[in-house]
S.K.: 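Can you keep this structure in mind? I'll have questions shortly.
Remember, predicted model here, so these are calculated numbers, not experimental data. Numbering of ligands and ligand atoms starts at 1, following listing order. Residues: numbered from 1 along the sequence shown.
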Amino acid sequence: MTKQVIIIGGGASGMIAGISARRQGAKVIILERNPRVGKKLLATGNGRCNFTNINANVNCYNGNNPKFVYGALTAFSVEETLRFFKKMGIQYKIEDFGRVYPMSDQASSVLDVLLYELNQLGVEIICNAYVTDVSKKNNKFLVQTEDGKVYEGDRVILTTGGKAMPSSGSDGNGIELAKKLGHTSTVLFPALVQLMLEGPYFKRLSGVKFVGKAEVIYQNKSIAQDKGDILFTNYGISGPPILQISRKAGELLNSKKEVYLKVSIMDGMSMIELKELIKERIRLNGSKPVDFSFVGLINKRLIPVVLAEAGIKNFNRPVSGLSNSEIESITRILLDWRFPIRGTKGWTSAQVTAGGINTKEINPNTMESILVKGLFFAGEILDIDGLCGGYNLQWSWSSGFTAGLNASW
Ligand SMILES: Cc1cc2nc3c(=O)[nH]c(=O)nc-3n(C[C@H](O)[C@H](O)[C@H](O)COP(=O)(O)OP(=O)(O)OC[C@H]3O[C@@H](n4cnc5c(N)ncnc54)[C@H](O)[C@@H]3O)c2cc1C
């Protein structure tokens, strides 16, 4: 008998679940609280939608049990995803680090083809439908929306996302719906997010960019590191390497631990090499004022801050007068500058939610709840989050497709 599938949440995972369930012959309704589906998708990849990564594998994911992704990632792999989108019209290109974008460089084109396919298949999309309750009676699910309507289905797929970017409609309320059905959630915290640092200089440093290395330091050990374009801001620090390592910081901050950020502005050089280089520059131009002698080596706006941090007060004296220990202090700051991390920029700035519905309660091969038969989950609502670079959307596609397929019979 044809199954009625109700999908709660019209984001990436909800839309693909709708396509896969309908292709298998199920009747499908997507309920979306916003006036239109796919709001967050439009914001992805800076509006270009980094929709997958050719390097995606289990090791690119976090959560209490990252291996959970294996089933769905195998069933609907990166290759399948590329084929799926190409068939719908998304010509793609592979950029640095295996990041995949549509040739059009427009996230809206990804949304357009998904919507076209949903419409072609006859999936019913109901917008402005905020689901406030889900219950199960006599093998049927009753899904109630804020306006008092009740939808009856044989299967429900919860794809309401996490808490990141609440303006997109995902504010964590779906996790509460799942809890009412007996599920539990791990602790949630923002990930792929900028970091707020402690220090007196950030207003002055705001806007300074450098290509370097960033590390999260806990108990004097480096526990996460990444390299690339880093940007000082008026609250602390941003840039792809910061987002990439932010999860470790967030996790520790969540349990009230003291965590530090280390930046290496002159990454790639050893202490000895950098010290020698500074000394060489002093030998060549010893009469230059201290601050001017660093022009051409580091960003000009960094110079007074680095010198002040190194305890150097008079910047106008000839650089040849710098003592060995002053040169050492400057060298240390350029290679190992540490700041206490005060927090993350929070849900409004985060790209993904760390934590979610406990994956122990879900069958990894079907995405069906182990606790409530006929209830399925997909996407960011689950306790799975990926690295920056297309991995989170891949998780939405893999888990969403798998959930839709298995909910259809
Ligand atoms: C700025 C930004 C950029 C990003 N860039 C990338 C990128 O380039 N590549 C990448 O892989 N990942 C990226 N991500 C992450 C990725 O977008 C998400 O992980 C993914 O979209 C999650 O999909 P989802 O379907 O699980 O949830 P969402 O996309 O959050 O969709 C959930 C939907 O459910 C709806 N909803 C919620 N509650 C209810 C309710 N009670 N009733 C009805 N509807 C409800 C919401 O309105 C929303 O439309 C980015 C995220 C952000 C915020």
Side-chain angles (χ1 to χ4, degrees), residues 6-18 29-53 56 60-61 78 81 95 98-102 105 107 110-111 114 125-134 143-147 149 151 156-178 180 190-194 240 243 345 347-354 356-357 367 377-382 384-401 403-404:
I6 300 178
I7 298 172
I8 306 175
S13 54
M15 285 187 281
I16 199 164
I29 296 176
I30 296 179
L31 298 173
E32 167 57 51
R33 69 188 288 189
N34 287 329
R36 55 174 301 184
V37 292
K39 188 171 176 190
K40 186 180 283 179
L41 197 56
L42 293 175
T44 58
N46 280 326
R48 292 174 61 220
C49 190
N50 173 199
F51 71 98
T52 183
N53 193 302
C60 308
Y61 293 92
V78 174
T81 304
E95 297 194 358
R99 294 170 186 222
V100 185
Y101 293 87
D105 282 325
V110 176
L111 178 56
L114 287 167
I125 298 174
I126 304 176
C127 290
N128 298 308
Y130 182 31
V131 174
T132 50
D133 193 47
V134 184
V143 178
Q144 187 168 345
T145 49
E146 205 175 24
D147 55 8
K149 288 193 182 127
Y151 300 83
V156 161
I157 310 180
L158 259 177
T159 51
T160 47
K163 285 182 84 169
M165 195 185 170
S167 62
S168 70
S170 2
D171 57 6
N173 79 85
I175 287 175
E176 299 310 313
L177 292 175
K180 280 196 208 160
L192 301 187
V193 64
Q194 301 86 341
L243 302 195
K345 271 289 270 174
W347 292 116
T348 49
S349 305
Q351 286 196 9
V352 78
T353 309
I357 296 298
M367 295 291 132
F377 290 84
E380 210 177 300
I381 190 172
L382 289 164
I384 289 294
D385 57 286
L387 299 174
C388 193
Y391 304 98
N392 285 298
L393 279 172
Q394 183 57 54
W395 171 240
S396 291
W397 311 134
S398 293
S399 59
F401 194 91

S.K.: Find all atoms of ligand 1 within a distance of less than 4.0 Å from any non-hydrogen atom belonging to Leu31, and give their numbers and elements.
M.R.: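 That gives atoms 43 (C), 44 (N) of ligand 1.
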S.K.: Please work out whether any backbone atom (N, CA, C, O) or any side-chain heavy atom from C-beta onward of Phe51 is under 4.0 Å from ligand 1, and answer side chain, backbone, both or neither.
M.R.: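 It is neither part, as no heavy atom is under 4.0 Å.
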S.K.: Would you say Ala164 contacts ligand 1, with heavy atoms under 4.0 Å as the rule?
M.R.: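 No; Ala164 lies far enough from ligand 1 that no heavy-atom distance drops under 4.0 Å.
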S.K.: For ligand 1, which is the ligand I care about here, please tell me if Met165 has any N or O atom under 3.5 Å from one of the ligand's N or O atoms.
M.R.: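 There is no such contact.
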S.K.: At a 4.0 Å threshold, what atoms of ligand 1 neighbour a non-hydrogen atom of Ala350?
M.R.: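 Answer, ordered by atom number: 53 (C).
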S.K.: Look only at the side chain of Trp395 and the backbone of Ser13, and say whether a donor-acceptor pair between them is shorter than 3.5 Å.
M.R.: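 Here the side-chain-to-backbone pair does not exist.
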S.K.: Would you mind listing which atoms of ligand 1 come within a distance below 4.0 Å of any non-hydrogen atom of Gly379?
M.R.: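 Counting atoms of ligand 1 from 1, those under 4.0 Å from Gly379 are 26 (O).
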S.K.: Just going by heavy-atom distances, which of Ala43, Gly172, Gly45 is nearest to atom 5 (N) of ligand 1?
M.R.: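 The nearest heavy atom belongs to Gly45.
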S.K.: Measure from the side-chain N and O atoms of Asn53 to the backbone N and O of Gly390, and report whether any donor-acceptor pair falls under 3.5 Å.
M.R.: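 Checking the backbone N and O of Gly390 against the side chain of Asn53, no donor-acceptor pair under 3.5 Å is found.
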S.K.: Looking only at side chains, do Glu146 and Thr132 share a donor and an acceptor under 3.5 Å apart?
M.R.: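 No, no side-chain donor-acceptor pair sits under 3.5 Å.
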S.K.: Measure the shortest side-chain to side-chain distance between Thr353 and Asp385 over non-hydrogen atoms and say whether it is less than 4.5 angstrom.
M.R.: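 Sidechains of Asp385 and Thr353: no contact.
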S.K.: Return the closest protein heavy atom for atom 30 (O) of ligand 1 as residue, atom name and distance.
M.R.: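 Of the protein heavy atoms, Ser170 OG, 2.7 Å lies nearest.
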S.K.: Examine the proximity of ligand 1 to Gln351 and report which part, side chain or backbone, both or neither, has a heavy atom under 4.0 Å away.
M.R.: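 Both of them.
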S.K.: What do you reckon, does Lys39 put a non-hydrogen atom under 4.0 Å from ligand 1?
M.R.: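 In this structure, Lys39 fails to qualify as a contact of ligand 1 - no heavy atom is under 4.0 Å.
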S.K.: Could you name the option among Val134, Asn173, Asn34 that has the heavy atom nearest to atom 41 (N) of ligand 1?
M.R.: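 Considering heavy atoms of Val134, Asn173, Asn34, the nearest to atom 41 (N) of ligand 1 sits in Asn173.
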S.K.: Counting each atom of ligand 1 from 1 as listed, which ones have a heavy atom of Gly11 under 4.0 Å away?
M.R.: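 Per the distance check, 25 (O), 29 (O), 31 (O), 33 (C).
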S.K.: Within a strict 4.5 Å, meaning less than it, do heavy atoms of the Ile6 and Ile157 side chains meet?
M.R.: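 Not in contact.
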S.K.: Quick one: does any side-chain atom of Tyr151 pair with a main-chain N or O of Thr145 as donor and acceptor, under 3.5 Å?
M.R.: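 Flag not set: sc Tyr151 to bb Thr145 has no pair under 3.5 Å.
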S.K.: What's the shortest distance from atom 23 (O) of ligand 1 to any protein heavy atom, and which residue and atom give it?
M.R.: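 Going atom by atom, the protein heavy atom closest to atom 23 (O) of ligand 1 ends up being Ser396 OG, 3.2 Å.
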S.K.: Would you mind running through ligand 1 and noting each atom that sits below 4.0 Å from a heavy atom of Tyr130?
M.R.: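 In order of numbering, the contacting atoms are 40 (C), 41 (N), 42 (N).
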S.K.: Any atoms of ligand 1 less than 4.0 Å from a non-hydrogen atom of Gly390? List them with their elements.
M.R.: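 Counting atoms of ligand 1 from 1, those under 4.0 Å from Gly390 are 9 (N), 10 (C), 11 (O).
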S.K.: Quick one: which ligand 1 atoms are inside 4.0 Å of a heavy atom on Gly161?
M.R.: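 Answer for ligand 1: 26 (O), 27 (O), 30 (O), 32 (C).
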S.K.: To which protein heavy atom is atom 18 (C) of ligand 1 closest, and what is the distance rounded to 0.1 Å?
M.R.: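 For atom 18 (C) of ligand 1, the nearest protein heavy atom is Glu380 OE1, 3.1 Å.
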S.K.: Can you find a heavy atom in the side chain of Asn34 that is under 4.5 Å from one in the side chain of Asn128?
M.R.: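 No; the side chains remain at least 4.5 Å from each other.
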S.K.: Could you check atom 24 (P) of ligand 1 against the protein and tell me its nearest heavy-atom contact, residue, atom and distance included?
M.R.: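 It is Ser13 OG, 3.4 Å.
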S.K.: Which residue supplies the protein heavy atom nearest to atom 42 (N) of ligand 1, what is that atom called, and how far is it?
M.R.: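 Atom 42 (N) of ligand 1 sits closest to the protein heavy atom Val131 N, 3.0 Å.
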S.K.: Testing Lys40, Glu380, Lys39, Arg33 for side chain to side chain contact (heavy atoms under 4.5 Å, CB included) with Ser170, which one passes?
M.R.: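 Between Ser170 and the candidates, side chain to side chain contact (heavy atoms under 4.5 Å, CB included) is satisfied uniquely by Lys40.
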S.K.: Please round to the nearest 0.5 Å and tell me the distance separating atom CH2 of Trp347 and atom CE of Met165.
M.R.: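 Rounded to the nearest 0.5 Å, the CH2-CE separation comes to 14.5 Å.
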S.K.: For atom 9 (N) of ligand 1, what's the nearest protein heavy atom and its distance?
M.R.: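 Heavy-atom neighbour on the protein nearest atom 9 (N) of ligand 1: Asn50 O, 2.9 Å.
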S.K.: One thing to verify: whether Asp171 and Lys163 come together as a salt bridge, which I'm taking to mean a side-chain N less than 4.0 angstrom from a carboxylate O.
M.R.: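 Salt bridge flag = no for Asp171 with Lys163.
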S.K.: What residue and heavy atom of the protein are closest to atom 13 (C) of ligand 1, and at what distance?
M.R.: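 For this ligand atom, the closest protein heavy atom is Thr44 CG2, 3.9 Å.
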S.K.: Looking only at protein heavy atoms, identify the closest one to atom 35 (C) of ligand 1 and say how far it is in Å.
M.R.: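 Of the protein heavy atoms, Glu32 OE1, 3.3 Å lies nearest.
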S.K.: Answer whether the closest heavy-atom distance between the side chains of Ile8 and Val134 falls below 4.5 Å.
M.R.: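 Yes; the side chains approach each other to less than 4.5 Å.
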S.K.: Is there a side-chain contact between Phe51 and Pro102 (heavy atoms, below 4.5 Å)?
M.R.: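 With C-beta onward as the side chain, the pair touches.
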S.K.: Counting heavy atoms only, which of Thr132, Asn392, Leu41, Leu393 comes nearest to atom 21 (O) of ligand 1?
M.R.: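 Looking at heavy atoms only, the winner is Leu393.
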S.K.: Looking only at atom types and distance, does a side-chain atom of Thr52 sit under 3.5 Å from a main-chain N or O of Val78, one as donor and one as acceptor?
M.R.: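 Looks like no, no N/O pair under 3.5 Å.
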S.K.: Just which atoms of ligand 1 are under 4.0 Å from any heavy atom in Thr159?
M.R.: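 Every atom of ligand 1 under 4.0 Å from some heavy atom of Thr159: 32 (C), 33 (C), 34 (O).
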S.K.: For the side chain of Asn50 and the backbone of Val100, is there at least one donor-acceptor N/O pair under 3.5 Å apart?
M.R.: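 Looks like yes, one N/O pair under 3.5 Å.
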